[in-house]
Every structure is written in structure tokens, then in C-alpha cells.
Amino acid sequence: VFLTCYNRIIGEWMQKQLEGWSNITVSSVHSYLFELSKGFDHDKTQDSKQDFYSKYLPNMMKEFFKIGIQGKFDKLIIDEGQDLIREEYMGLFDSMLANGLANGNWEIYGDFERQAIFAQLSKSEMLDLLKTFGHHSKHLLRINCRNTKEIGEETSLISGFEKPPFLLEYLEGLPVAYHFYRDEAHQKQILNEQLKKITDESFPLNEMAILSPKKFENSCVKSFPGYSIKEIKTANEVSATQKYFGFATVQSYKGMESNYILITDIEDLSSEVAKSLLYVGMSRARYGLILLISEEIQRQYYDILQNKLR
């Protein structure tokens, strides 16, 4: 069995959950392909090119599976399908699977509404592409099993849905907290106040993540005095013994979850990109969610709130 996904951190997390299962290979697609390529001679000039992982490696490894250099899998389980359903990856999966996608055993899971932040095709184009590889059944997962009712409703509202695209859990939780900042210094002050509340309550630091649409070096957490904030680059950096607040971009944290999420540097609520990133970021929270939003878009927030009150 090959269990795979797009995001490296969620791939590492799944590996930890399935340690000891010798008949299951678990890895993000790109990590798996890169490790596999080490055993083969290939054009090293391609390594630094932008499409090395998205085109060159999938196409090269597809040929190796086709001609039998690499053994095929009996089953594929693919998460984050919305980011992986494109011609290069589908051709690779077809060659990796015994009897191919048309007659083989496979499952693809995906959220095609607002989580397709790395997708190159529209939802309809992805579903049409799947059909070219043979008949498959399609099912909807309708129940949101992660978020409290409050977080699910607010996530849907802020990210542009007229009503939630899923059935909400009945679990009641904390209201989503919104804080508006004037400038970066004010945002740092608010962040400091929120982190102080958390540390004063002896809150386990591994149960919270700070997310931003911006990279660490461009976000408000850079050079942040008073508290240790470390960028999470691997799943192993989140542990019960950690002495720092973990930070990640919304993009890199896709697929993961945390009991409490704090999102900084929110400067747009209207563009489709911003709505997708907010949907991904906000839906990572299980029980508590804090948003730091620029005062420049406070009017946008109140307009959204009016829709909720109608």
C-alpha cells in the first residue's frame, strides 16, 4: 500500500502514526520521488528547476514503474487530491498501481472547495481528468469532524460561503476571537498579550500553532521579543516537551490541525486567494481560534458580519 499526500509535514505526521506497518509505504509524493530518484542516474541540471518536483520527477519515475525497474503497489491511498489531480501525477499513479487506475485499487480524498491552494485545474477539470483513467465511484464526506460549531460557522462565513459546505458537529466551543491592529507594532503588542494569557494558564505549547499567510521572515513574529517562536518545518518539531510556540505558514500547515490556532497578518478578506487561505488556516483549529486582522479591512469584516446577522 502507498499512502501519500501533497504536503510534506502531513506526510511526516502520517509516517509517525503508522510506524511499524511494514506493508505500508507512507510519504508525501515529492519526498517519496526524491528519495527514489537517489538510486537512479538522472539529469542533475534539472534539480534546481521550478518544475523538478511537479513535472520532471513524476515523468521520470512513471517510466521506471512502467518498465518494471520499480515494483508496483497493490493499493494507492491519496490525500489532498485537490492538489495532486493533474496529468503528471495521475500518469505516475497509473504506472505505480497494479492494473493501473482503470482496474486497480485506489482511493483519493480531497476538498475541492477552498483547499485547492496549489491546484492548477478547476474542480470540474480535475473530475473530468479522473474520468479519463476509467470508471470510479464518487462519495461526499459531509460531516465536519474537526471544528466546533462556532469555528465551523465562522470559517464558512469569512471564507465566502453563504452557508457551511458541511454538516457541523454539535460540539459547542469558544467563540472565535477577532483583534484588529493599526500597524505592525500594534499587532506585535496584541500578539504579546495573547501569548501572555496562554503562558499564564500553563497551556501546553504543542497544542497551539501560530499561522500566517506570510513567510516567517515577513510575518509579525520575526524578531518577536519575550517569547520563543520557532518555525515548524517537520512534524517531529511538534512534541509535548516543546518549550516554544510553533509557527507555520497557512500553506505549509494545510492538512494538519491543532487544538488552538492563532492567525496573524490578515490584510485581505475579499480576494479569492485570501478566502482560500483563511478557509485553510481557520479550519485547522479544533477548539479555539484567534484572528489578528488589519484595521484597514475592518469594514470588510463588518460587511461579512452583516451577512451573518441577516
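Numbering starts at 1 and runs along the sequence shown. Everything numeric here is computed off the predicted structure, so don't read it as measured data.
- Between Gln70 and Met61 there is no side-chain heavy-atom pair separated by less than 4.5 Å.
- Qualifying salt bridge (charged side-chain N to carboxylate O under 4.0 Å, His left out) partners for Lys196, counting only residues two or more places apart in sequence or in other chains: Asp200.
- For Tyr178, the ring-ring contact (aromatic ring centres under 6.0 Å, His included) partners two or more places apart in sequence, or in a different chain, are Tyr301.
- Side-chain atoms of Ser27 come within 3.5 Å of backbone atoms of Tyr32 as a donor-acceptor pair (strictly under, hydrogens ignored).
- A search for side-chain contact (heavy atoms from CB on, under 4.5 Å) contacts involving Lys131 returns Asp128, His136, not counting sequence neighbours.
- One N or O on the side chain of Ser156 and one on the backbone of Gly152 form a donor-acceptor pair closer than 3.5 Å.
- In the hydrophobic cluster analysis, where Ile, Leu, Val, Met, Phe, Trp and Tyr join through side-chain heavy atoms closer than 4.5 angstrom, Tyr287 is grouped together with Leu174.
- Taking 4.5 Å as the limit, every side-chain heavy atom of Lys72 sits out of range of all side-chain heavy atoms of Met96.
- Residues Leu292 and Leu262 meet the side-chain proximity criterion, which asks for heavy atoms closer than 4.5 Å.
- A 4.5 Å side-chain heavy-atom check between Ile77 and Trp106 finds every atom pair outside the cut-off.
- When the side chains of ILVMFWY residues are joined at heavy-atom separations under 4.5 Å, either directly or via intervening members, Leu157 and Val273 end up in a single hydrophobic cluster.
- Side chain of Gln187 to main chain of Cys220: no donor-acceptor pair is present (N/O by atom type, distance under 3.5 Å, no hydrogens or angles).
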Margin query: Show, in sequence, the C-alpha distance, side-chain angles and deciding distance for Ile266 and Ser294, and conclude whether the side chain to side chain contact (heavy atoms under 4.5 Å, CB included) test is met.
Written below: CA-CA 6 Å; Ile266 300 175; Ser294 169; over 6 Å; no
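- The cluster map of Ile, Leu, Val, Met, Phe, Trp and Tyr, joined by side-chain heavy atoms under 4.5 Å apart, puts Tyr56 and Ile69 in the same cluster.
- With hydrogens and angles ignored, the 3.5 Å screen pairs no side-chain donor or acceptor of Lys188 with any backbone N or O of Phe224.
- For Tyr89, the ring-ring contact (aromatic ring centres under 6.0 Å, His included) partners two or more places apart in sequence, or in a different chain, are His30.
- Checked against side-chain contact (heavy atoms from CB on, under 4.5 Å), Glu88 has the following partners two or more places apart in sequence or in another chain: Lys55, Pro58, Asn59, Arg86.
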Contacts under 3.5 angstrom, residues 201-217 side chains, donor-acceptor by atom type, not counting sequence neighbours:
from: Glu207; atom 1: OE1; to: Asn259; atom 2: ND2; distance (Å): 3.2
from: Ser212; atom 1: OG; to: Lys214; atom 2: N; distance (Å): 3.0
from: Ser212; atom 1: OG; to: Asp265; atom 2: OD2; distance (Å): 2.8
from: Lys214; atom 1: NZ; to: Glu267; atom 2: OE2; distance (Å): 2.9

Quiz: residues 9-25 side-chain donor-acceptor pairs under 3.5 angstrom, not counting sequence neighbours:
from: Glu12; atom 1: OE1; to: Ala235; atom 2: N; distance (Å): 2.8
from: Gln15; atom 1: NE2; to: Val26; atom 2: O; distance (Å): 2.7
from: Gln17; atom 1: NE2; to: Trp13; atom 2: O; distance (Å): 3.2

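- Within 6.0 Å of atom CD in Glu87, 12 or fewer heavy atoms from other residues, nucleotides or ligands are found, so the atom counts as exposed in its surroundings.
- Not counting sequence neighbours, the partners of Lys275 by the salt bridge (charged side-chain N to carboxylate O under 4.0 Å, His left out) test are Glu272.
- Looking only at atom types and distance, the side chain of Tyr279 has a donor-acceptor partner in the side chain of Asp111 under 3.5 Å away.
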Next item on the list: In sequence, state the C-alpha distance, the side-chain angles, and the governing distance for Arg286 and Glu257, and then conclude on salt bridge (charged side-chain N to carboxylate O under 4.0 Å, His left out).
Entry: CA-CA 7 Å; Arg286 298 184 66 195; Glu257 64 180 31; 3.8 Å; yes
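- Residue Glu296 qualifies as open at atom CD: its count of foreign heavy atoms under 6.0 Å is 12 or below.
- Judged as a side-chain contact (heavy atoms from CB on, under 4.5 Å), and not counting sequence neighbours, the contacts of Thr4 are Phe2, Val29, Ile78, Phe93.
- In this model, no donor atom of one side chain and acceptor atom of the other lie less than 3.5 Å apart for Asp51 and Ser54.
- At distances below 3.5 Å, at least one donor-acceptor pair connects side-chain atoms of Glu237 with backbone N or O atoms of Lys233.
- In terms of the ring-ring contact (aromatic ring centres under 6.0 Å, His included) criterion, Tyr181 has no residue partners (sequence neighbours excluded).
- A single hydrophobic cluster is not seen to contain both Leu140 and Ile85; linkage of ILVMFWY side chains at heavy-atom distances under 4.5 Å, directly or through other members, places them apart.
- With sequence neighbours excluded, no residue satisfies salt bridge (charged side-chain N to carboxylate O under 4.0 Å, His left out) with Lys222.
- Using a 4.0 Å cut-off between charged nitrogen and carboxylate oxygen, Lys75 and Glu107 count as a salt-bridge pair.
- A donor and an acceptor atom, one from each side chain of Gln242 and Ser239, are nowhere located under 3.5 Å apart.
- Take Ala102 and apply the side-chain contact (heavy atoms from CB on, under 4.5 Å) test, not counting sequence neighbours, and it matches no residue.
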Next item on the list: Test salt bridge (charged side-chain N to carboxylate O under 4.0 Å, His left out) on Lys62 and Asp94 and set out the steps.
Entry: CA-CA 8 Å; Lys62 176 179 70 176; Asp94 188 48; over 6 Å; no
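- Atom OH of Tyr109 is surrounded by 12 or fewer heavy atoms from other residues, nucleotides or ligands within 6.0 Å.
- Ring geometry for Phe73 versus Phe65: interplanar angle of 30 to 60°, hence tilted.
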